Amino acid sequence: MDEELTIDVSTLTPRTIAVINALERAWGVGDVDALDDVLAPSFVRRGRRSRQSKDDLKSSVLDMRRAFPDLEMRVTRAVEGKSDLALYWTSSGTLHDEYLGLPPTGRQYSVSGATFSHFDGDKIVEENVIYDRRGKYSSLGVPLSSGNAAEDVDADSAVGTDVLRSMHRKMVTGVTVVAVESNGEPRGLAVNAFSSVSLEPPLILVCVQKSSSTYSHLIAARHFSVSVLAADQLNVAKVFATKQDRKFDQVAWHHGEHGAPLIDGAAVAMELELQDTLHASTHTIFIGRVRRVTTTDAAPLVYTNGAFFDGAQLVEASESSA
Ligand SMILES: Cc1cc2nc3c(=O)[nH]c(=O)nc-3n(C[C@H](O)[C@H](O)[C@H](O)COP(=O)(O)O)c2cc1C
């Protein structure tokens with residue numbers, strides 16, 4: 001890290017120097033107990049969407065250090081008040097172990113931020129932290145959307161889950177199997193959150209819950225597949241909507257040219273190269289570049305209102321006379 005960014009502590013009060021030392025020991029070498037010297041037992045740390053106690057903070061520091069063993073943290077500027085302190089800092093590291101569902105990609109992040117602390121005596125009781133979260137995650141390969149809808153917890157909770165559920169039930173979709181080959185094993189799940197993104201370049205997206213057992217294989221993969229199920233493949237949809245092991249033993253399938261497993265007899269089979277991922281709280285949006293497509297005349301399986309329908313039996317809508 002740039003030497004000029006290191007703060008000159010000679011003009012600072014002992015209280016501020018103690019805080020800087022404790023932060024650098026905790027974040028820089030993992031000595032989280034150094035925080036006990038400067039944080040009150042009732043300490044609370046507030047982020048844009050988080051609230052942490054002292055113990056929460058200690059475990060997230062250790063989590064970060066496990067995932068980013070070369071993590072460096074430097075305080076670059078301090079502004080002191082009577083019972084307040086603003087610290088400006090930079091932090092960087094290389095992702096060597098799994099972190100928030102990300103595989104150890106060896107990617108680096110470097111981020112700047114500021115921490116605003118309020119003291120009671122010589123101990124910090126409250127801290128507010130801001131940093132370039134989007135910059136950090138995009139350098140790790142997880143670009144966040146602006147105003148990430150999943151983060152607006154208050155706004156979200158204003159709309160009840162029942163309303164959201166009935167809204168989703170009105171939607172009509174196809175049903176796909178999103179699949180990947182991982183360590184020689186085919187893995188996949190049923191997904192109806194599929195959409196076209198663009199024709200040029202040929203991009204599609206699927207949205208997958210992080211709790212899915214397929215998720216960690218998918219996020220680590222270079223190629224994956226999307227099979228759009230045919231109307232006579234309700235049994236396949238049901239197999240892939242479960243969490244059982246070895247789902248592919250129960251269906252006919254083959255390897256695509258890029259190695260990902262494809263369901264035999266699907267209405268459409270797509271082979272994709274993972275182009276981008278977008279974190280959205282409990283889910284991740286996977287954007288794939290279409291590398292190969294096979295389409296058939298088979299009608300699609302249709303899903304709406306919690307039930308499956310035969311896509312060959314759809315009746316064309318007519319304009320109302322009113
Ligand atoms: C019709 C249908 C659509 C589904 N769509 C999605 C989806 O878009 N994203 C998702 O993550 N899960 C979706 N699921 C749920 C998963 O298929 C289900 O949780 C599955 O058990 C996950 O398997 P896994 O944990 O083995 O990966 C859907 C299920 C059904 C029946």
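Just so you know, ligand 1 is whichever comes first in the structure, and atom 1 is the first atom listed for that ligand. Remember, predicted model here, so these are calculated numbers, not experimental data.
Within the 4.0 Å heavy-atom criterion, neither part of F194 lies near ligand 1. At a heavy-atom cutoff of 4.0 Å, ligand 1 is contacted by no atom of V206, backbone or side chain.
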- Going through the checks in order, is the side-chain contact (heavy atoms from CB on, under 4.5 Å) test met by T284 and L218? CA-CA 10 Å; T284 293; L218 199 52; over 6 Å; no
- With salt bridge (Lys or Arg N to Asp or Glu O under 4.0 Å) as the test, would you mind laying out the steps for D33 and K58 before giving the verdict? CA-CA 8 Å; D33 291 336; K58 286 182 178 181; 3.2 Å; yes
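The nearest protein atom to atom 19 (O) of ligand 1, hydrogens excluded, is given as Q209 NE2, 2.9 Å; this is a heavy-atom distance. For atom 4 (C) of ligand 1, the closest non-hydrogen atom on the protein side is A190 O, 3.5 Å. The nearest protein atom to atom 23 (O) of ligand 1, hydrogens excluded, is given as K247 NZ, 3.1 Å; this is a heavy-atom distance.
The shortest N or O to N or O distance between T214 and ligand 1 is under 3.5 Å. Annotation: Y303 places no N or O atom under 3.5 Å from an N or O atom of ligand 1; distance criterion only.
Residues V75 and W27 form no side-chain contact, since every pair of their non-hydrogen atoms from C-beta on lies 4.5 Å or further apart. With a 4.5 Å cut-off on side-chain heavy atoms, E72 and T90 do not count as touching.
The option with the heavy atom closest to atom 21 (O) of ligand 1, from among A241, G174, A193, is A241. Between atom 25 (O) of ligand 1 and the options K243, R187, H283, the minimum heavy-atom separation is to K243. Between C207, A179, S212, S213, it is S213 that holds the heavy atom closest to atom 26 (O) of ligand 1.
Within the listing of ligand 1, atoms 20 (C), 21 (O), 23 (O), 26 (O) sit less than 4.0 angstrom from a heavy atom of T242. The atoms of ligand 1 that sit less than 4.0 Å from any heavy atom of F240 are 17 (O), 20 (C).
A salt bridge links K54 with D36; the closest basic N to acidic carboxylate O contact falls under 4.0 Å. The existence of a salt bridge linking R45 and E127 is confirmed by a sub-4.0 Å separation between a basic side-chain nitrogen and an acidic carboxylate oxygen.
V236 belongs to a hydrophobic cluster whose other members, connected by ILVMFWY side-chain contacts under 4.5 Å either directly or through intermediates, are V175, V177, L229, L234, V239, F240, F248, V251, W253, I263, L301, Y303, F308.
Note: Y99 and F68 have perpendicular aromatic rings, judged against thresholds of 30 and 60 degrees for the angle between ring planes.
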